[in-house]
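Okay, so here's the structure we're looking at.
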Amino acid sequence: MIWQSLSNACVEAVTQLYGQQINTDLIKIQKTNQQFRAEADLTLMVFPLVRYSKQSPEQTATEIGAYLKDQVDYVQNFSVVKGFLNLRIAKSFWISFLKNNFTDQDFALQTPKLNCPPVIVEYSSPNTNKPLHLGHIRNNLLGDSISRILKSTGRNVIQVNLVNDRGIHICKSMLAWQKWGRGETPESSGLKGDKLVGKYYVMFDKHYKEQIEELCEQGVEEEYAAKQAPLIVEAQTMLEQWESGNAEVKNLWNRMNKWVYSGFDVSYRNLGIAFDRTYYESQTYLLGRDVVQDGLQKSVFYKNEDGSVWINLTDEGLDEKLLLRANGTSVYMTQDLGTATTRFNEFHPEKMIYVVGNEQNYHFEVLKKILKKLQYNWADDIRHFSYGMVELPEGKMKSREGTVVDADDLIAEVIETARQTTMELGKLESFDTAEAQNLFRIIGLGGLKYFILKVDPLKNMMFNPKESIDFTGNTGPFIQYTYARIQSLLRKSGKDIMHIEISDAIDIHDEERELLFLCTDFKRILCLAADELSPAHIANYVFELAKQYNQFYQRISVLKEENELLLAFRLALSYFTAGVIKNSMNLLGIEVPHKM
RNA sequence: GGUCCCGUAGCUCAGUGGAUAGAGCAACAGCCUUCUAAGCUGUGGGCCAUUGGUUCGAAUCCAAUCGGGAUCACCA
């Protein structure tokens, strides 16, 4: 709001002073650098305007500054340092800003408009042969957060999970269970369903490796051995039986997948995420054949001698890509073409966002190119939200080497650490057992979520379990703590915050000005974040705000304040800050407790 | 080898065209009879991988080089 209005005033200034019509893009206004903050709030770069003023930067800045001071009521003063025009925004502006943004609905984010074209966000997309791990957590948290961000800008978001419940990997678990499971079930073993199935996947891999080794010792070449080992052949056969609808195989498949789903449900619930719709690949893997037909008709695809279908993307700098095997079965790309087309036809969405790791960058590049070649103009609305891998201090996670960090274990661990730390600090006097339990969950999860979301999704991130459950410094619990303190302050003040009178007749200190400034930034940051879908941006922003508040809070003794007017102002400011913190954290899917 | 991503303090990360590059952690020195010390204050720590270019101005944009990662399957 202030940015917009000030930009317009600057354009007007150039028009009036130099008789030149300029584009708003040339107006670069930013927060004043820390060292000059004592005398100014906002800074205009005048370098780009020099060619219109035909004067020195200093001269130009001085003239524009004088114009703004004269013409814009909230520009109280200005100073010029080289080509930087520093502007002091009047306290009356800040006070009226606070006054006019003081009800609960002023903090409310927009609610989704249901009649608009939706945005589909697909994320999580687990395989059903093993439990969720740290990599899935990054995926899930990013997917959840960008969905929340999109919703907050009024978009109608459909959160979608496409479960990969079919294929050779599931058959491996099934086969191992058949061979060595002795009818073990989640009930009989006490194991969570997904853990149980994962156990047999690992067991398969172990025996399979042994068989390969044996064959190699007999002089068989390794590559060949990997294809000829009896176990893998059996698993292949099982997959074929599944595809031909063998009742026994399908029953076992159903049974074991159900175990996995009940396990996933628990993990998702613990993580605090949910989907509007869950698709299963067993129901969608045949999609895409009509797309192939369409492509053949349009001569975008071609048929090989053996009957397989391909597309040639060499003119786009990519390779040739298979779309249908000689036996008529589809591949990954075919399925994705199919689901994308189906979803488009069903929803006509504004955008389709896929939250998928960066190892699939190439796949999505190809997917979009193919859709474009088919002249489906909605191909541009597909967005691959790519994110980097999560690495451990010991190196990469490898499921086969047992170095994966299990999602459930990790969640339990952060909650346990939250419990211990909270107990040590002795903060639980006023909590009953259920409240305390909930608090540990909020803090532990907050720490985990913030730790992961604060990193730029594009980058690979280092996950050190010890640091992720630290509660001091740039962490989720620090921000939660700040929020809880504000709540406590408001509670103990005994004032009715909503009916508090804010007077114009007070001085605003630099700290307060700074806080108001950050809060003013909120909506602007939010718009930016929505375009770029950046949870990391919001995380770093809300930390900055919480830190500033703590510094302010430490210096100012609010409750002992003798001046009633100043007290009212500071309580209002606290209330306002708390609202912004709560909103920001909500966008990250992190809860904030009223007491800690 | 081709393509894509990354390289900023000892460590984890912000900053992506503007002023003397910032946080947190770790280290050291202070602050709890006063509203929550999960906090606050201070100190030390940097050829922003390298080289060249673009311009009033580059950690930021472009090119090349060097490191690290991903990908280039009739796997998903």
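Computed over heavy atoms, backbone and side chain alike; hydrogens, waters and symmetry mates excluded. Computed from a predicted model, the values in this text were never measured in an experiment. The sequence lines fix the lettering, A, B, ..., with proteins before strands; numbering per chain opens at 1.
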Ordered by number, residues from residues 415-425 of chain A within less than 4.0 Å of RNA chain B (heavy atoms) are A/Thr422, A/Leu425

*Using the P atom on both, measure B/rA59 against B/rG53 and round to a whole Å.*
15 Å

- Query: Quick one: do A/Arg88 and A/Glu39 make a salt bridge, cutoff under 4.0 Å?
  - Reply: no

Practice task
May I ask you to decide if A/Arg325's main-chain N or O and A/Thr329's side chain share a donor-acceptor pair within less than 3.5 Å?
Solution key: no

Check: A/Thr472 main-chain N/O paired with A/Tyr481 side-chain donor or acceptor under 3.5 Å:
no

Pairs under 3.5 Å (Watson-Crick or G-U), crossing ones as [ ], inter-strand ones as |: RNA chain B comes out as ((((((((.[[[[.)..(...]]]].(((((.......))))).....[[[[[..)....]]]]])))))))....

Has A/Lys492 got a side-chain N or O lying under 4.0 Å from the OP1 or OP2 atom of B/rU36? yes

Side-chain contact check for A/Lys459: nearest option of B/rC6, B/rU36, B/rA38 is B/rC6

**Request:** Would you indicate what A/Phe478 reaches in the nucleic acid, counting non-hydrogen atoms under 4.0 angstrom: base, sugar-phosphate, or nothing?
**Result:** sugar-phosphate

Using the P atom in both, what is the distance from B/rA23 to B/rA64, to the nearest Å?
36 Å

- prompt: With distance as the sole criterion, do the side chain of A/Lys427 and the base of B/rA38 form a donor-acceptor contact below 3.5 Å?
  reply: yes

Between B/rU41 and A/Gln551, is there an OP1 or OP2 to side-chain N/O distance shorter than 4.0 Å? yes

- Message: Using the C1' atom as the point on both nucleotides, what is the distance between B/rU3 and B/rU55, in whole Å?
- Response: 31 Å

- Message: Under a 3.5 Å distance rule, please check whether A/Asn139 uses its side chain to pair with a backbone N or O of A/Ser124 as donor and acceptor.
- Response: yes

* Asked: Using a cut-off of less than 4.0 Å, is there contact between a side-chain N or O of A/Lys396 and OP1 or OP2 of B/rG69?
  -> no

* **Spacing of the P atoms in B/rC5 and B/rU65 (rounded, Å)** => 16 Å

Suppose you measure atom P in B/rG10 against the same atom in B/rA49; what distance do you get, rounded to whole Å? 13 Å

message = Is the terminal nitrogen or CZ of A/Lys595 (NZ for Lys, CZ for Arg) located under 6.0 angstrom from the six-membered ring centre of A/Phe431 and within 45° of that ring's axis?
response = yes

Nucleotide N/O to protein N/O under 3.5 Å, stretch nucleotides 74-76 of chain B:
| residue | atom | partner | partner atom | Å |
| --- | --- | --- | --- | --- |
| B/rC74 | N4 | A/Asp306 | OD2 | 3.0 |
| B/rC75 | OP2 | A/Arg325 | NE | 3.4 |
| B/rC75 | OP2 | A/Arg325 | NH2 | 2.6 |
| B/rA76 | OP2 | A/Tyr332 | N | 3.4 |
| B/rA76 | O3' | A/Glu281 | OE1 | 2.5 |
| B/rA76 | O3' | A/Glu281 | OE2 | 3.3 |
| B/rA76 | O2' | A/Asn164 | ND2 | 2.6 |

B/rG2 and B/rU16, which share atom name P, separated by this distance in whole Å:
32 Å

| said: Categorize A/Lys560 for me: base, sugar-phosphate, or nothing, with a 4.0 angstrom heavy-atom threshold over every strand shown. | reply: base

When rounded to whole Å, the CZ to C1' distance for the pair A/Phe552 and B/rC40 reads 14 Å

Looking at A/Arg491, I'd like to know whether one of its side-chain N or O atoms comes within less than 4.0 Å of OP1 or OP2 on B/rU36. no

Next item on the list: Using the C1' atoms only, state how far B/rA70 lies from B/rC62, rounded to an integer number of Å.
Entry: 24 Å

From NZ of A/Lys28 across to C1' of B/rU55 the rounded distance in Å is 12 Å

Side-chain contact check for A/Asn550: nearest option of B/rC40, B/rC11, B/rG69 is B/rC40

Between A/Thr482 and B/rA38, does any side-chain N or O lie under 4.0 Å from OP1 or OP2? no

- Message: Between the side chains of A/Asp205 and A/Lys209, is the shortest nitrogen-to-carboxylate-oxygen separation below 4.0 Å, so that they form an ion pair?
- Response: yes

| query | Taking atom C1' in both B/rU60 and B/rG17, what distance in whole Å separates the two? | reply | 6 Å

How is A/Thr43 classified with respect to the nucleic acid when contacts are heavy atoms under 4.0 Å: base, sugar-phosphate, or nothing? base

